[in-house]
Amino acid sequence: MLALSPELKARLSQPLKIDSFEVKSRVLQSPLSGVTDLVFRRLVRRYAPQSMMYTEMVNATGLHYVKELPKIMEVDPGERPISIQLFDCRPDFLAEAAVKAVDEGADTVDINMGCPVNKITKNGGGSSLLRQPEVAEAIVREVVKAVEVPVTVKTRIGWNDKEINILDFAKRMQDAGAKMITVHGRTRSQGYNGNARWEWIARVKEILEIPVIGNGDIFSVEAAVKCLEETGADGVMCSRGTLGYPFLVGEIDYFLKTGEKLAPPTPIQRLECAREHLQALYEYKGDRGVRQARKHMTWYAKGFLNAADLRGKLSVVETVQQGLDLIDQAIEDLARYEESGAEMQAECVVV
Ligand SMILES: Cc1cc2nc3c(=O)[nH]c(=O)nc-3n(C[C@H](O)[C@H](O)[C@H](O)COP(=O)(O)O)c2cc1C
């Protein structure tokens, strides 16, 4: 049975201190482009009210040229703790964007130095900053000067296996004024393949004074505990494990606080959550929200009878009503199936 060691319990009993800002949870919801909008965060927060969440990454150059804030930067009034994540390679634009992020309500400003996508790296942003540590330092220094809130960095362990420079890079970020660093234990060239190499997170933790958050392959409570134990990290950040499963951050947080595991949601509960997610995305973004919801719906529809068939249908829904009808029908089918199973069991007992 999974248990928290006394050492880990003691280590995690204090709030996570990001400079003067305190967070009462050691589990964070990562920034996920196209996913962690206000609607998704509301769902995650229901189960993990004290956890730090991140907006999707926001392009600082884009912000410089527009008057209105993009929807991806929107934060619920009073939504806390919340970090707005920015990406770019220009210190001046990032500093300007950080001011806007704080005006919108960000408790911390995070700089993306880990995105592997070509479109971002060829313009000098994301993980390409691992190859330009001087630019990364200048960015952190400028942003720190521009805002009162803590500035944090999220990055990878290096560009490729020949260029794993996270130890030097992380130290530079701390010296430039970053107040927390999240390390995704993969190189840029790994993309999302292979295992996250948590041993590098442990080595970063050994040499820094600021909090270090472990990221990569946290798909379960067990993985979170293992990562915290093996790396000594100050917290863990969940990413792909939350796709279609906004319960994960709350499940881990609950275990770390109580030593007890919550019962996982049933397939019907997951579908009810999918339904709510779809409806809310539609209300927030209209038909564009429905199109965005398709991928979410397919992530929810997993691990039960006829789920593959449902996924196929949900991936092409045109209207919110179509999606809701499909989910309602699936819930009804599952309930009927469960009932018939219970009846069969009861009959067996009688016989
Ligand atoms: C769909 C998707 C979108 C992502 N968007 C962002 C992003 O906007 N900012 C960021 O720092 N990382 C982003 N990431 C990376 C994740 O935050 C995380 O570092 C990575 O998935 C590793 O964690 P995992 O192995 O638990 O998924 C994204 C990853 C995925 C799969």
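Note that ligands are numbered from 1 as they come in the structure, with each ligand's atoms numbered from 1 the same way.
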For Y192, which part has a heavy atom under 4.0 Å from ligand 1: side chain, backbone, both, or neither?
side chain
Would you call R80 and D107 a salt bridge, using N to O less than 4.0 angstrom?
yes
Would D253 and K257 pass as an ion pair if we require N to O under 4.0 Å?
yes
Option of least heavy-atom distance to atom 19 (O) of ligand 1 (set: T242, N215, V153):
N215
Atom 12 (N) of ligand 1 has as its nearest protein heavy atom K154 NZ, 3.0 Å
If you measure only the distance, is there a donor-acceptor pair under 3.5 Å linking the side chains of D88 and T61?
yes
Given E222, E230, E229, the one that forms salt bridge (Lys or Arg N to Asp or Glu O under 4.0 Å) with K226:
E230
Contact atoms of ligand 1, heavy-atom distance to R186 under 4.0 Å
25 (O)
Of the backbone atoms (N, CA, C, O) and the side-chain heavy atoms from C-beta on, which set of Q85 has a member under 4.0 Å from an atom of ligand 1: side chain, backbone, both, or neither?
side chain
As an exercise, state the distance from OG of S33 to OH of Y54, rounded to the nearest 0.5 Å.
16.0 Å
Of all the heavy atoms in R156, does at least one lie under 4.0 Å from an atom in ligand 1?
no
Check whether L129 and M57 end up in the same hydrophobic cluster, where Ile, Leu, Val, Met, Phe, Trp and Tyr are linked by side-chain heavy atoms less than 4.5 Å apart.
no
Between I218 and ligand 1, which residue portion shows a heavy-atom distance shorter than 4.0 Å: side chain, backbone, both, or neither?
backbone
Just to confirm my output: which protein heavy-atom neighbour is closest to atom 6 (C) of ligand 1, and how far is it?
P31 O, 3.1 Å
Between R90 and F93, is NZ or CZ placed under 6.0 angstrom from the six-membered ring centre and within 45° of the ring axis?
yes
May I ask you to establish whether R42 and Y47 are in a cation-pi arrangement, using a distance under 6.0 Å from NZ or CZ to the six-membered ring centre and at most 45° from the ring axis?
no
Contact check: E56 vs ligand 1, nitrogen or oxygen atoms, below 3.5 angstrom:
no
Using heavy atoms and a 4.0 Å limit, tell me yes or no: is G216 in contact with ligand 1?
yes
Indicate whether any N or O donor in one side chain lies under 3.5 Å from an N or O acceptor in the other, for Y245 and E251.
yes
Taking heavy atoms and a distance under 4.0 Å, where does M57 meet ligand 1: side chain, backbone, both or neither?
both
May I ask you to identify, for L32, whether its side chain, its backbone, both or neither come under 4.0 Å of ligand 1 on a heavy-atom basis?
both
Closest non-hydrogen protein atom to atom 26 (O) of ligand 1, residue and atom name please, with distance?
D217 N, 3.2 Å
Within the 4.0 Å heavy-atom cut-off, what S30 brings close to ligand 1 is side chain
Between the side chain of N165 and the main-chain N/O of L130, is any donor-acceptor distance below 3.5 Å?
yes
Nearest to atom 5 (N) of ligand 1, what protein heavy atom do you find, and at what distance?
S33 N, 2.7 Å
Identify whether the distance between the nearest side-chain nitrogen and carboxylate oxygen of E137 and K171 falls below 4.0 Å.
no
I'd like to know if V35 contacts ligand 1, where contact means a heavy-atom distance under 4.0 Å to any ligand atom.
no
Given that the side chain starts at C-beta and the backbone is N, CA, C, O, which of these parts of R240 lies under 4.0 Å from ligand 1, counting heavy atoms, or is it both or neither?
both
